[in-house]
Amino acid sequence: MLQLQYLRDNKEAVLLGLQKKNFKELNLVEEILSLDEQKRKYQTEAERNKSELNALSKEIGNLMKQGMLDEAETIKIKSTGIRESQKGLEDHLDGLEKALFDSLVKLPNMPHASVPFGKTPEENENIFQEGVMPVLHEGAVPHWELTSKYDIVDFEMGNKVTGAGFPFYKGKGARLQRGLINFFLDEALKSNYIEVQPPIVINKESGFGTGQLPDKEGQMYYIGIDDLYLIPTAEVPITNMYRDVILKEEQLPVKNVAYTPCFRREAGSYGAHVRGLNRLHQFDKVELVQIARPEESYQILDTMVAHVKGLLQKLELPYRILRLCGGDMSFNSALTFDFEVFSAAQQKWLEVSSVSNFESFQTNRLKCRYKNSDGKNVLAHSLNGSALALPRIVAALLENYQTPDGVKIPKVLQPYCGFDLIN
RNA sequence: GGUGAGGUGACUGAGAGGCCGAAAGUACCGGUUUGCUAAACCGGCAUACUCCAAAAGGGUAUCGAGGGUUCGAAUCCCUCCCUCACCGCCA
């Protein structure tokens with residue numbers, strides 16, 4: 001959520017930013033400013049009224065104490081009259097505040113100056129590419145054939161027990177998952193992240209805090225009986241730890257890492273591009289979250305990008321980094337780098353990580369602040385990044401490392417898996 | 001799930017319809033003084049919104065959340081949430 005004060009002071013800049021993000025409802029800005037103006041007008045009036053009521057009440061108290069009951073009665077009648085009009089004022093004010101809030105929440109974050117213009121994924125800026133493109137042997141196949149050939153991921157079993165998009169990992173497939181998770185967590189620990197195991201269901205407040213609610217309600221699994229949601233990413237519970245918190249400056253940056261399963265309904269995604277492990281309803285992910293001082297947040301974003309780079313280098317997978325264009329960025333983000341791994345048998349780039357700086361967009365909702373050296377409470381910046389999401393990494397590993405004799409396991413993972421070949 | 005007790009500022013903890021944004025203590029910050037691994041004393045110490053061109057200074061709201069009663073609610077009533085204790089059930 002953008003800060004109202006910022007919007008008041010930077011209307012033109014906001015309009016430009018919204019256009020860069022390919023946001024259509026530009027008239028919302030004018031609407032918000034007008035609602036804000038009205039709201040303040042009514043607020044002033046309602047508060048003046050209330051102040052008068054408070055004064056009268058106090059007077060009644062004093063008169064009663066002195067036993068001047070008749071005088072007190074007179075004032076009572078007067079204050080009852082004011083109270084009637086007060087009710088109307090307050091109701092109107094509540095309506096304005098709600099409308100203002102509902103509109104403000106619809107505005108996406110402002111893009112960082114370095115974000116390129118563009119509307120579609122094709123306009124993302126390819127800023128870095130590294131790694132050797134594998135040359136596959138004759139008869140190489142996509143990962144969904146390898147998984148059944150070696151019986152390591154069982155999609156049919158998932159269909160039977162749960163439904164599409166909820167596969168079983170079996171044997172070396174399960175052990176590879178576990179190995180990858182441990183590898184990712186250990187790498188994060190080396191970079192001084194503190195590990196957290198959060199709940200994987202969250203309440204409404206948390207869903208709102210990180211921006212999944214209200215706009216992405218339909219993308220989360222919902223447990224009606226207890227009014228809870230399954231997390232789409234560990235970002236939600238982790239970042240919400242800092243909701244309504246005033247941190248000490250020396251606590252920053254906060255660095256957390258968490259492994260969790262993630263649940264996404266993916267309503268509306270069908271077809272060939274969701275085949276195999278490419279898109280699932282439940283998947284595993286190791287997520288990095290940082291809460292930082294605003295002046296350091298972009299430097300920290302760079303370190304997070306470097307961290308993810310390191311992971312892909314160690315896994316020896318060819319990858320590229322995209323700077324997302326305004327139109328392809330998420331609602332919350334000010335700057336996002338996507339990591340894509342090349343999956344050789346599909347001849348496709350698969351997104352495996354998204355690293356973003358949200359600046360104060362989330363923290364403004366969360367009311368996550370820190371006390372700076374002047375003793376002022378200021379909104380912190382929040383950042384997060386996947387490091388990494390498993391299924392597409394597995395897909396790329398299987399496809400790129402396949403040989404006629406089986407799928408080789410990259411060196412770094414061998415100690416984690418306890419084997420060096422899937423056959 | 002049942003029964004009981006309770007949720008007050010960074011923390012401990014008083015208050016039980018008006019004198020309460022809230023005693024006192026601890027912690028923290030600033031100062032004075034004496035000196036020495038600190039003590040005493042003095043002062044300061046919530047957040048948000050808002051009024052004012054700004055500062056100074058006002059106003060409003062907030063004692064778990066939401067509603068109600070009342071001229072007036074931390075205090076009374078209702079609903080919900082949470083914590084603790086005991087019982088029941090259970091990985």
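Everything quoted here is computed from the prediction, not taken from an experiment.
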- Message: Going by the rule side-chain contact (heavy atoms from CB on, under 4.5 Å), which residues pair with A:N49 if we only count those two or more places apart in sequence or in a different chain?
- Response: A:E52, A:I82, A:S85, A:Q86, A:L89
- Message: Test of understanding: with side-chain contact (heavy atoms from CB on, under 4.5 Å), list the residues that count as partners of A:N22, not counting sequence neighbours.
- Response: A:K24, A:K119
- Task: Test A:F166 against A:F155 for ring-ring contact (aromatic ring centres under 6.0 Å, His included), laying out the working first.
- Result: CA-CA 7 Å; A:F166 292 94; A:F155 293 95; over 10 Å; no
- Does the gap between the ring centers of A:Y150 and A:Y169 come in under 6.0 Å? no
- Message: Any strand counts, and the cut-off is 3.5 Å on both contacts for Watson-Crick or G-U wobble. Which nucleotide pairs with B:C63?
- Response: none
- Within the structure, does a side-chain N or O atom of A:N377 lie under 4.0 Å from either OP1 or OP2 of B:U47? yes
- Roughly how far apart, to the nearest Å, are B:U50 and B:C45 at atom P? 23 Å
- Message: Going by side-chain contact (heavy atoms from CB on, under 4.5 Å), name the residues that satisfy it together with A:A387, two or more places apart in sequence or in a different chain.
- Response: A:L288, A:H307, A:V308, A:L311
- Message: Nearest whole Å is fine: how far is B:A73 C1' from A:L53 CG?
- Response: 15 Å
- Base-pairing assignment for B:A14 (Watson-Crick or G-U wobble, both under 3.5 Å): none
- Item | Steps toward side-chain contact (heavy atoms from CB on, under 4.5 Å) verdict (A:V355, A:S386) | CA-CA 7 Å; A:V355 183; A:S386 5; 5.9 Å; no
- Task: May I ask you to decide whether A:D244 forms a salt bridge with A:K367, counting only side-chain N to carboxylate O separations under 4.0 Å?
- Result: no
- Message: Counting the atoms with a prime plus P, OP1 and OP2 as sugar-phosphate, which does A:S79 contact under 4.0 Å by heavy atoms, base, sugar-phosphate, or nothing?
- Response: sugar-phosphate
- Item | Short N-O contact, A:R279 and A:E266, less than 4.0 angstrom | yes
- All heavy atoms of A:N256 vs all of A:V196, minimum pair found to be ND2-CG2, 3.7 Å
- Can you tell me the pairing partner of B:G30 across any strand shown, Watson-Crick or G-U wobble, with both distances under 3.5 angstrom? B:C42
- Query: CG of A:L4 versus P of B:A48: gap in Å, rounded?
  - Reply: 15 Å
- Message: Treating primed atoms plus P, OP1 and OP2 as sugar-phosphate and everything else as base, which nucleotides of nucleotides 75-83 of chain B get B, S or - for protein heavy atoms under 4.0 Å?
- Response: ---------
- Task: Answer with base, sugar-phosphate or nothing: what part of the nucleic acid does A:I75 contact at a heavy-atom distance below 4.0 Å?
- Result: nothing
- In the 5'-to-3' direction, what one-character label does each nucleotide of nucleotides 55-65 of chain B receive under the scheme B = base within less than 4.0 Å of a protein heavy atom, S = sugar-phosphate only, - = no such atom? ----BBS----
- Message: If I pick the P atom on B:G25 and the same atom on B:G68, what distance separates them, to the nearest angstrom?
- Response: 39 Å
- Enumerate the residue pairs fulfilling side-chain hydrogen bond (donor to acceptor under 3.5 Å, both in side chains) with a member in residues 221-230 of chain A, sequence neighbours excluded, ordered by first and then second residue. A:K204-A:D227, A:E217-A:Y229, A:Y221-A:H281, A:Y222-A:D227
- Atom-pair distance (NZ on A:K371; P on B:A48), nearest Å: 8 Å
- With a 4.0 Å cut-off on heavy atoms, is A:K39 in touch with a base, just the backbone sugar-phosphate, or nothing at all? sugar-phosphate
- Query: Hey, is the side chain of A:R8 poking within less than 4.0 Å of OP1 or OP2 on B:U50, counting only N and O atoms?
  - Reply: yes
- Message: Let's test this: given Watson-Crick or G-U wobble pairing with both distances under 3.5 Å, identify the partner of B:U83.
- Response: B:A5
- Task: For A:D94 and B:G66, give me the distance from atom CG to atom P, rounded to whole Å.
- Result: 12 Å
- Could you tell me the separation between the CG atom of A:D244 and the P atom of B:A48, rounded to a whole number of Å? 12 Å
- For the pair made of CG in A:L104 and P in B:C49, what is the distance, rounded to whole Å? 12 Å
- To the nearest angstrom, how far is A:I246 atom CD1 from B:A10 atom C1'? 10 Å
- Task: Could you measure between the two P atoms, the one in B:C63 and the one in B:G7, and give it in whole Å?
- Result: 14 Å
- Query: For B:U47, does OP1 or OP2 lie under 4.0 Å from any side-chain N or O of A:R369?
  - Reply: no
- Task: Give one of base, sugar-phosphate or nothing for A:K248, where a contact means two heavy atoms less than 4.0 Å apart.
- Result: nothing
